[in-house]
Visitor: 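Okay, here's the structure, questions in a sec.
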Protein chains: 2
Amino acid sequence: MNASRGVGEFDLIERLAARLEPLESGLGIGDDAAAWSPEPGRLVVATTDMLVEGIHFRLEWTTARDLGWKALAVNLSDLAAMGARPGRALVSIALLPGQADLAEQLYDGIAELARITGTRVVGGDTVRTPGPLVVNVALVGEADPERLLRRGGARPGDLLFVSGTVGASAAGLALLVAGDSAVLARPEAVPLLAAHHRPWPQLALGAALAGAGVRCAIDISDGVASEAWHLARASGVEIEVDLDRLPLSGEAVALLGSARARQLALTGGEDYQLLFTVPEAMLAAVEAALPPDVRLSVIGRVTAAREGGAVRFFEAGAPIDIPEAGYVAF
Amino acid sequence: MNASRGVGEFDLIERLAARLEPLESGLGIGDDAAAWSPEPGRLVVATTDMLVEGIHFRLEWTTARDLGWKALAVNLSDLAAMGARPGRALVSIALLPGQADLAEQLYDGIAELARITGTRVVGGDTVRTPGPLVVNVALVGEADPERLLRRGGARPGDLLFVSGTVGASAAGLALLVAGDSAVLARPEAVPLLAAHHRPWPQLALGAALAGAGVRCAIDISDGVASEAWHLARASGVEIEVDLDRLPLSGEAVALLGSARARQLALTGGEDYQLLFTVPEAMLAAVEAALPPDVRLSVIGRVTAAREGGAVRFFEAGAPIDIPEAGYVAF
């Protein structure tokens with residue numbers, strides 16, 4: 001559900017959406033997932049993500065099993081960002097000749113995460129390709145119509161939160177790109193590579209936030225900077241982000257230094273943590289609803305309404321220029 | 001929803017399905033579409049199909065607009081074969097650099113068929129690829145839980161029907177492969193190329209059959225021979241097919257001769273007509289429910305229960321050997 005990941009044309013998804021009939025609910029292309037109400041009281045949420053070999057992954061760097069896990073995880077993360085529950089998945093794969101075993105391992109990874117999250121893989125398509133390998137997952141779930149997380153739900157006065165740590169996945173990818181086997185063998189590399197290969201969709205957190213009354217969230221697929229801009233634009237607000245408060249991955253800082261770790265957190269992406277805003281009056285409810293193993297950090301505030309949106313970044317109290325650009329494929 | 005289209009390993013989909021949790025309803029991988037009941041009285045039906053450049057289409061032969069139409073049509077055909085109504089679609093495309101205009105035209109073709117059939121495109125993913133172009137559509141619809149068409153619904157005594165004519169799409173493809181511009185310019189080529197580029201999903205027929213009480217159908221994606229085997233195997237029956245009754249495309253016969261036209265009807269595929277069985281007692285109900293523009297042909301009969309299934313083909317009353325193999329990509 002994200003045109004920016006790899007196409008390099010931020011307006012393409014708007015151009016494509018313009019060819020279609022407008023959606024009755026206003027929920028469609030542009031949020032983390034599409035949502036519609038098949039009948040009063042029910043809200044179906046659906047999303048799809050396509051992973052292409054050489055763009056989103058390399059088989060020298062990932063096992064097929066991890067690739068399957070990740071292909072499902074990125075879709076589950078879209079549902080988490082809406083506060084939705086996972087339901088059913090359809091898996092399409094385009095295989096090169098001789099990749100039948102690889103397809104089985106890929107399905108094992110999908111099945112593993114599906115079991116953990118209560119997702120059912122109900123169908124799919126398996127076709128041939130001259131290459132590269134392509135995996136597409138489409139996922140349908142449900143949400144409470146009155147408790148949906150949206151990109152456009154931020155309001156002036158809200159605090160800006162992020163879950164977990166950020167930059168770990170991009171740091172893991174950076175280690176793979178650099179290919180220094182001595183660094184890859186260091187213990188700090190393990191959680192970074194795990195974050196890159198086996199992202200954890202924040203379904204419990206998304207559901208908890210939605211239940212507590214939170215109305216604005218996005219998942220971090222393209223980096224904190226890019227996602228903050230998405231929230232600001234969709235909500236029509238100005239957001240200030242305090243870079244000193246970013247919960248950087250400690251291992252990323254240890255292996256790559258704090259400047260690079262911060263840059264990766266802002267523009268690297270694939271953390272699949274949630275970035276969300278909370279009115280101050282709702283803080284106690286959020287704290288009470290939080291899953292026990294989730295760490296949250298306040299990293300900024302929604303300062304004002306502003307047409308078109310804006311994000312301002314601060315370091316040691318002074319404004320600093322951060323390019324908006326998100327994920328850039330290797 | 002069809003592993004045979006291009007992978008050339010008929011057992012792969014079973015091997016992949018074995019990695020997953022069994023589905024509670026028994027409806028899943030293996031039928032034309034997956035189906036599940038989110039609550040009593042409702043049945044959700046979902047399917048997905050992936051089209052790969054160089055395997056399923058060539059941009060020298062198809063416009064991007066027709067490709068978009070076809071990518072949605074093949075999914076709608078899966079729903080038609082279940083007697084389901086279309087609902088919402090998710091569209092993923094992997095584009096080469098410089099294909100943004102092509103993506104817009106592709107979306108125009110999707111939007112055109114979506115409008116005609118009442119399908120809403122609610123989301124998607126647009127990513128980069130080094131090539132080839134890939135289009136994946138995932139489609140969710142609904143069916144009446146008591147009126148579902150299945151592959152496994154054929155019973156001894158049923159008559160075997162096919163809608164429309166068969167072999168036209170494969171004949172159109174054969175003309176493109178041969179590349180004889182004099183033949184391609186003949187008026188008979190027009191409906192063959194149209195059948196190949198703009199298949200028409202038999203949604204009205206599928207709904208009418210389901211409503212009339214029919215319980216067994218499949219859409220012809222891989223050719224009559226292969227689809228008849230699918231029905232026989234899923235239903236545990238023996239089916240006899242009278243080849244003299246096949247409603248061959250007249251234009252295919254005119255341009256390619258009757259022997260080749262028949263071969264293409266049996267093993268060419270992509271007709272997206274419905275192959276279905278009807279108990280004799282239900283014939284009047286089917287006739288009364290039929291959409292006015294649909295032509296049906298009786299081409300055989302379910303002769304007996306038979307574990308593992310079997311299909312026997314007859315020509316001028318004598319048995320004839322027909323290979324089961326379906327669609328073979330160019």
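In the text below, chain A, chain B and the rest are named by the order of the sequence lines, each starting its count at 1.
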Visitor: Measuring heavy-atom distances to chain A, does Ala114(B) have an atom under 4.5 Å in its side chain, in its backbone, in both, or in neither?
Guide: neither
Visitor: Can you say whether Glu112(B) sits under 4.5 Å from chain A via the side chain, the backbone, both, or neither, judging by heavy atoms?
Guide: neither
Visitor: Go through it in stages, so that I can follow the logic: the residues are Asp144(A) and Arg85(A), the test is salt bridge (charged side-chain N to carboxylate O under 4.0 Å, His left out), and I'd like the CA-CA distance, side-chain angles, deciding distance and then a yes or no.
Guide: CA-CA 9 Å; Asp144(A) 181 334; Arg85(A) 300 175 291 282; over 6 Å; no
Visitor: Looking at Gly109(B), is its backbone amide N or carbonyl O close enough to the side chain of Lys70(B) to form a donor-acceptor pair, meaning the two atoms are under 3.5 Å apart?
Guide: no
Visitor: Using a 4.5 angstrom heavy-atom cutoff, name the option from Gly87(B), Ala138(B), Pro132(B) with the most pairs to chain A.
Guide: Pro132(B)
Visitor: Quick one: are Leu59(A) and Glu53(A) in side-chain contact, heavy atoms under 4.5 Å?
Guide: yes
Visitor: Please answer whether the main-chain N or O of Arg151(B) pairs with a side-chain N or O of Ser235(B) as donor and acceptor at a distance below 3.5 Å.
Guide: yes
Visitor: If you measure from CH2 on Trp69(B) to CD1 on Ile110(B), what distance do you get to the nearest 0.5 Å?
Guide: 12.0 Å
Visitor: For chain B, find which of Ser92(A), Pro38(A), Gly131(A), Ala103(A) contributes the most heavy-atom pairs closer than 4.5 angstrom.
Guide: Ser92(A)
Visitor: What part of Pro97(B) gets closer than 4.5 Å to chain A, counting heavy atoms only: side chain, backbone, both or neither?
Guide: neither
Visitor: So do Thr129(A) and Leu95(A) actually touch side chain to side chain, heavy atoms under 4.5 Å?
Guide: no
Visitor: Can you tell me which of Asn136(A), Val140(A), Leu106(A), Val91(A) forms the most heavy-atom pairs within a distance under 4.5 Å of chain B?
Guide: Asn136(A)
Visitor: Less than 4.5 Å to any heavy atom of chain A: does that hold for the side chain of Asn75(B), its backbone, both, or neither?
Guide: neither
